[in-house]
Colleague: 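Sharing a structure, written as structure tokens. Questions coming.
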Amino acid sequence: PGLAFACALALTLPDPAQATPFTIDDFNVATTSSVTDSSVGSPVSAGSVIDGANIVMGGAAGWARTLIADLTAGDGMETVVCGNCQAGHVSMATGSSDGIGAYTYSGPAVDLSSYSLLVFDWGADLAGAGVDIVASDGASTATVASWSSLAATGGSGNLVTQAPAGIIWGAVNPGAITEIQFVVTGVENMDSTIDNFNAAVPVPTAAWLFGSALLGLAVIRRRQA
């Protein structure tokens, strides 16, 4: 009975790993927005409407999305938020075009200190792209998570959930985030798709449950002492 009680106690103890993921952008827009860059060395940026059932930064008021396209080689590239497929795209013109596509979110400070992972859905017709997450608290800015050499998925219509990357906040205050930038690089001569960009916390593990059960036993023994 004591062990059963300990396990029950372990399952009811507060667990930050069971917190609801924080949606940074689910890309459920009703209106398509895009920016196109056809000149190397002259990045193009523009605001992007947040509409429809779209959730950005957990639904906090006052946040804006900006799209950036920065062609680094070739004929052209485009950064898109697509209302038809409700996802984001970074695409290159035919040939050997390459560039950087970014989605920047800025607004009043939000508290992300309880989140330790970042994850998103990904699709691409070629392998090799990378993704960086850059965060700012208004005073300090840092790359807080990265993925490199992302796999092809058989086309941008076939999305997979990327393995989460741990957040390393560094000098950035996670309790007062005022800007997050999702930067896609290395998309040479390809089309990539992103969706459901979230902050999350670890899923409870067997080790956590076992440790919590031991804690429950310790509580029982202390009561019996």
Side-chain angles (χ1 to χ4, degrees), residues 16-17 19-35 37 42-70 78-83 86-90 99-122 129-148 161-162 164-185 187 192-202:
T20 301
F22 182 92
T23 299
I24 297 171
D25 197 340
D26 64 3
F27 295 98
N28 291 336
V29 298
T31 304
T32 297
S33 305
S34 66
V35 290
D37 186 9
S42 301
V44 178
S45 64
S48 171
V49 175
I50 298 169
D51 61 5
N54 195 201
I55 298 175
V56 167
M57 294 306 291
W63 277 75
R65 182 203 298 114
T66 300
L67 305 183
I68 301 171
D70 184 7
E78 185 177 36
T79 301
V80 183
V81 175
C82 178
Q86 298 194 332
H89 302 286
V90 176
I100 299 169
Y103 301 80
T104 300
Y105 306 86
S106 56
V110 295
D111 184 358
L112 296 182
S113 58
S114 62
Y115 299 93
S116 57
L117 302 173
L118 286 166
V119 66
F120 59 97
D121 294 338
W122 173 261
V131 169
D132 293 327
I133 309 299
V134 180
S136 175
D137 59 13
S140 299
T141 300
T143 299
V144 299
S146 295
W147 294 258
S148 61
T161 300
Q162 287 302 303
I167 305 174
I168 301 176
W169 293 111
V172 175
N173 176 11
I177 300 300
T178 58
E179 182 175 287
I180 285 186
Q181 189 174 63
F182 188 102
V183 184
V184 183
T185 59
V187 190
S192 66
T193 299
I194 60 172
D195 198 6
N196 300 321
F197 173 23
N198 296 313
V201 289

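Just so it is clear, the structure is predicted and the values come from calculations on it, not from any experiment.
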Colleague: Okay, side chain of Thr185, backbone of Ile100: is any donor-acceptor separation there less than 3.5 Å?
Modeller: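 No, because the side chain of Thr185 does not come within donor-acceptor range (under 3.5 Å) of the backbone of Ile100.
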Colleague: Go through the steps to decide whether Val187 and Ser192 satisfy the test side-chain contact (heavy atoms from CB on, under 4.5 Å), and finish with yes or no.
Modeller: CA-CA 7 Å; Val187 190; Ser192 66; 4.1 Å; yes
Colleague: Which residues pass the salt bridge (charged side-chain N to carboxylate O under 4.0 Å, His left out) test with Asp25, sequence neighbours left out?
Modeller: Arg65
Colleague: Mind listing the closest non-hydrogen atom pair of Ala165 and Ser146 along with its distance?
Modeller: CB-O, 4.0 Å
Colleague: Could you check if a side-chain atom of Val80 sits within less than 4.5 angstrom of a side-chain atom of Leu67, using non-hydrogen atoms only?
Modeller: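 Val80 does not reach Leu67 side chain to side chain.
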Colleague: Holding to side-chain hydrogen bond (donor to acceptor under 3.5 Å, both in side chains), I want the full list of residues that pass it with Ser45, two or more places apart in sequence or in another chain.
Modeller: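 Result, side-chain hydrogen bond (donor to acceptor under 3.5 Å, both in side chains) vs Ser45: none returned.
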Colleague: Are Trp122 and Trp147 side-chain neighbours, meaning at least one heavy-atom pair lies under 4.5 Å?
Modeller: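 Not touching, per the 4.5 Å side-chain cut-off.
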Colleague: Please tell me if the side chains of Val81 and Phe27 come closer than 4.5 Å, counting only heavy atoms from C-beta onward.
Modeller: yes
Colleague: side-chain contact (heavy atoms from CB on, under 4.5 Å) between Phe182 and Asp132: does it pass, once the steps are laid out?
Modeller: CA-CA 6 Å; Phe182 188 102; Asp132 293 327; over 6 Å; no
Colleague: Side chain of Asp51, backbone of Thr31: donor and acceptor closer than 3.5 Å?
Modeller: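 Pair found, side chain donor or acceptor close to backbone of Thr31.
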Colleague: Would a distance-only check, ignoring hydrogens and angles, find a side-chain to backbone donor-acceptor pair under 3.5 Å from Ser136 to Glu179?
Modeller: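 Not a single qualifying donor-acceptor pair exists.
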Colleague: Which pair of non-hydrogen atoms, one from Asp37 and one from Pro43, has the smallest distance, and what is that distance?
Modeller: OD2-CA, 3.9 Å
Colleague: Determine the minimum heavy-atom distance between Ala135 and Val144, stating which atoms define it.
Modeller: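 For Ala135 versus Val144, the nearest heavy atoms are CB-CG1, 3.9 Å.
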Colleague: If you round to the nearest 0.5 Å, how far is CG of Asn173 from OG1 of Thr178?
Modeller: 10.0 Å
Colleague: Hey, could you give me the CD/CG distance between Gln162 and Asn196, rounded to the nearest 0.5 Å?
Modeller: 12.5 Å
Colleague: Should Val134 and Ile180 be marked as a side-chain contact (heavy atoms from CB on, under 4.5 Å) after you check the CA-CA gap, both sets of side-chain angles, and the distance that decides it?
Modeller: CA-CA 6 Å; Val134 180; Ile180 285 186; over 6 Å; no
Colleague: On a heavy-atom basis, which atom in Thr161 and which in Val119 lie closest, and how many Å separate them?
Modeller: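 Thr161 and Val119 have their closest heavy atoms at CG2-CG2, 3.7 Å.
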Colleague: Checking Trp63 side chain against Pro108 main chain: does a donor-acceptor pair fall under 3.5 Å?
Modeller: yes
Colleague: Determine whether Val29 and Val49 make a side-chain contact, defined as any pair of heavy atoms from C-beta on separated by less than 4.5 Å.
Modeller: no
Colleague: Report yes or no: does Asp121 contribute a side-chain atom to a donor-acceptor pair with the main-chain N or O of Ile194 at less than 3.5 Å?
Modeller: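 Here the side-chain-to-backbone pair does not exist.
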Colleague: Measure across Gly52 and Ala30 and return the closest heavy-atom pair with its distance rounded to 0.1 Å.
Modeller: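 Residues Gly52 and Ala30, closest heavy atoms: CA-CB, 4.2 Å.
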Colleague: What are the two closest heavy atoms between Trp169 and Pro174, and how far apart are they?
Modeller: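 Closest approach of Trp169 to Pro174: CE2-CB, 3.4 Å.
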Colleague: For a quick check under 3.5 Å, do Thr66 and Thr104 share a side-chain donor-acceptor pair by atom type?
Modeller: no
Colleague: Would you say Thr79's side chain and Ile68's backbone share a donor-acceptor pair under 3.5 angstrom?
Modeller: yes
Colleague: How about Phe197 and Leu118: do any of their side-chain heavy atoms sit closer than 4.5 Å?
Modeller: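 In contact.
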Colleague: With a 4.5 Å limit on heavy-atom distance, are the side chains of Asp26 and Asn54 in contact?
Modeller: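 Asp26 vs Asn54: side chains touch.
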Colleague: Quick one, Gln181 with Ile133, criterion side-chain contact (heavy atoms from CB on, under 4.5 Å). Give me CA distance, side-chain angles, the key distance, then yes/no.
Modeller: CA-CA 6 Å; Gln181 189 174 63; Ile133 309 299; over 6 Å; no
Colleague: If we ignore hydrogens and angles and just use 3.5 Å, is the side chain of Asp137 paired with the main-chain N or O of Ala176 as donor and acceptor?
Modeller: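 No; judged by distance alone, with no hydrogens or angles, the pair does not exist.
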Colleague: Do Val172 and Ile177 have side chains that approach each other closer than 4.5 Å (heavy atoms only, starting at C-beta)?
Modeller: yes
Colleague: Output all residues satisfying ring pair (Phe, Tyr, Trp, His ring centres under 6.0 Å) with Tyr105, sequence neighbours left out; order by chain, then residue number.
Modeller: none
